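Okay, so here's the structure we're looking at.
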Amino acid sequence: MHPKARIHADPVLEVDQFDCLPDSLVLLILNKVEDVRSLGRCSAVSKRFCGLVSLVHDVYVKIDRVVAVDGDAEDTLNLSSPKPRNIFSHFLKLMLFTIIKPFHNMRNTNGNGRPLFAQLSQHSPAQVLRNFTHIRNLRVELPSGDVGTEEGVLLKWRAEYGSTLQSCVILGGTRVDRRPVGGEHEPSLEDNGSMPESFYTNGGLKLRVIWTISSLIAASTRHYLLRSIIKDHPTLTSLVLTDADGQGTLCMGAEQLKEFRENQLSASACSNRTQVPACNMKLKYAPYLELPGGIALQGATLVAIKPSTEGSNGGHTNRKETDAFISGAFDGPFKVAVKALMKRRTYLLEMNGF
């Protein structure tokens, strides 16, 4: 029979080895987590984790369901179904139930036992992020794209913003198909590098204008709704707002965020979005492009947009930066499409602010 002293666990083995890790290493691990829901669960583990989670630098917020201001879990809208109209006009009024739920059981570290996020079901996304005090890189993913298109139509955009629009590039196509294996496409007789006459007569130009305006409205609406988040997080150096469909991306770097804070935001008089300045646009078109991965893009169109106030200022360096932004706007086969379209003839358009 073993001595009684050996029945009990060795006190040395009861030491939590994780507690031996320095805070700096734990914080490094938490920065790799990024996902705000997972960070919320980590915060509920211990007082130590709760204090460290608020110090993370990299945060990723994925929005997949929202509920009305006065709603609850049962009223949750699943945005994978047909998306509601005017989602952006209500963005800050809607609740991120699936994001905030992990934070609901977090307790205040002052020992009073009260929830750290009181009445969390009535808080906006900006209020949830206020509990992170050292965010440097923030990425927010919306449940779907903002611009409705017909099935088979390609529309992608990427915009850079400071206090107003700095650059935007739009890639569109009237149809995306899979090329038959071993199939060959005979070039159109109209494809001599110039815009075909049919482009003007069959509504092709009008369609591209609609794509452009719709994308700019989507970008300016996203930009306007970021103002409270940027104001509450002076440590931000990178902010990206994208969507699960991969349709549109708004990005802001350190200098752009600084300029945003230093200048007054010019809001549109007609809706909750930033005013789009008068712009110069360069349009490039190809009736048909074959892309890697067996993809064929019909009616391929590239629109590069810059505020007209910049004019020709900035010289050669500015043009190199713009070309780099355009060529790097999209990944995969669409990156190839952009490079192919950049070699096509350029058509200049102007647009008033709105």
Side-chain angles (χ1 to χ4, degrees), residues 64 79-83 85 87 141-159 167-219 242-250 281-305 323-347 349:
D64 50 14
L79 294 184
S80 62
S81 60
K83 57 187 176 182
R85 296 181 180 179
I87 181 174
E141 182 181 298
L142 299 174
S144 58
D146 323 322
V147 184
T149 58
E150 296 180 0
E151 186 176 356
V153 172
L154 171 71
L155 181 61
K156 299 176 73 70
W157 59 267
R158 186 178 183 90
S167 298
C168 182
V169 58
I170 301 169
L171 176 65
T174 54
R175 187 166 186 82
V176 180
D177 290 318
R178 287 286 178 181
R179 300 197 316 268
V181 178
E184 295 184 0
H185 174 79
E186 294 183 3
S188 171
L189 296 176
E190 289 185 299
D191 188 12
N192 56 6
S194 301
M195 198 80 73
E197 186 66 27
S198 60
F199 187 81
Y200 303 97
T201 59
N202 64 3
L205 180 59
K206 179 181 178 180
L207 177 62
R208 272 66 179 184
V209 172
I210 293 174
W211 285 350
T212 300
I213 294 175
S214 300
S215 298
L216 288 173
I217 289 175
T242 185
D243 55 76
D245 295 339
Q247 183 185 84
T249 300
L250 183 149
M281 300 183 291
K282 295 181 178 180
L283 187 148
K284 298 173 183 288
Y285 173 81
Y288 181 89
L289 287 178
E290 292 188 354
L291 306 177
I295 298 175
L297 182 61
Q298 298 180 23
T301 307
L302 179 69
V303 183
I305 304 169
D323 289 345
F325 171 71
I326 295 172
S327 61
F330 311 110
D331 298 323
F334 303 119
K335 185 181 184 74
V336 177
V338 169
K339 290 185 176 181
L341 286 166
M342 289 179 70
K343 301 175 183 178
R344 309 284 295 196
R345 180 173 296 183
T346 300
Y347 294 84
L349 302 171

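Bear in mind the structure is a predicted one, so any value in this text is a computation, not a measurement.
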Check: Is the closest side-chain heavy-atom distance between Asp243 and Pro143 below 4.5 Å?
Finding: no

Next item on the list: Output all residues satisfying side chain to side chain donor-acceptor pair (under 3.5 Å) with Lys282, sequence neighbours left out; order by chain, then residue number.
Entry: none

Checklist line | Heavy-atom pair with the smallest gap, counting every atom of Leu289 and Ala337 | finding: CD1-O, 4.0 Å

Check: If you round to the nearest 0.5 Å, how far is CG of Leu283 from OH of Tyr347?
Finding: 9.0 Å

Note to self: Looking at Asp245 and Gln247, would you say the former's side chain and the latter's main chain have a donor-acceptor pair under 3.5 Å?
What the structure shows: no

Notebook entry, point to check: In chain order, what residues pass the side chain to side chain contact (heavy atoms under 4.5 Å, CB included) check against Ser214, with sequence neighbours excluded?
Noted result: Val147, Ile210

Next item on the list: Could I get the full list of side chain to side chain donor-acceptor pair (under 3.5 Å) partners for Thr242, not counting sequence neighbours?
Entry: Thr249

Next item on the list: For the residue pair Leu291 and Val176, establish whether any side-chain heavy-atom pair is separated by less than 4.5 Å.
Entry: no

Next item on the list: Only counting residues at least two apart or in another chain, list the ones meeting ring pair (Phe, Tyr, Trp, His ring centres under 6.0 Å) with Phe199.
Entry: Tyr285

Notebook entry, point to check: Hey, mind stepping through Ile305 and Val169 against side-chain contact (heavy atoms from CB on, under 4.5 Å) and telling me if it holds?
Noted result: CA-CA 6 Å; Ile305 304 169; Val169 58; over 6 Å; no

Next item on the list: Of all the heavy-atom pairs spanning Lys284 and Arg344, show the shortest one and how long it is.
Entry: NZ-O, 3.2 Å

Check: Quick one: side-chain hydrogen bond (donor to acceptor under 3.5 Å, both in side chains) pairs with a partner in residues 147-159, sequence neighbours left out?
Finding: none

Margin query: Return the OG1 to CE distance between Thr346 and Met281, rounded to the nearest 0.5 Å.
Written below: 13.5 Å

Note to self: For Ser327, give me all partners under side chain to side chain contact (heavy atoms under 4.5 Å, CB included), at least two apart in sequence or on another chain.
What the structure shows: Met342

Margin query: Distance check, rounded to the nearest 0.5 Å: Leu341 atom CG versus Ile326 atom CD1?
Written below: 11.0 Å

Please report, to 0.1 Å, the donor-acceptor pairs under 3.5 Å made by any side chain of residues 295-304, with sequence neighbours excluded.
residue: Gln298; atom: NE2; partner: Asp177; partner atom: OD2; Å: 3.0
residue: Thr301; atom: OG1; partner: Arg208; partner atom: NE; Å: 2.8
residue: Thr301; atom: OG1; partner: Arg208; partner atom: NH2; Å: 3.3
residue: Thr301; atom: OG1; partner: Gly299; partner atom: O; Å: 3.1

Margin query: Counting C-beta onward and ignoring hydrogens, is there a side-chain heavy-atom pair between Ile170 and Cys168 closer than 4.5 Å?
Written below: yes

Notebook entry, point to check: Which atom names give the shortest non-hydrogen contact between Arg178 and Gly293, and what distance separates them?
Noted result: NH1-O, 2.5 Å

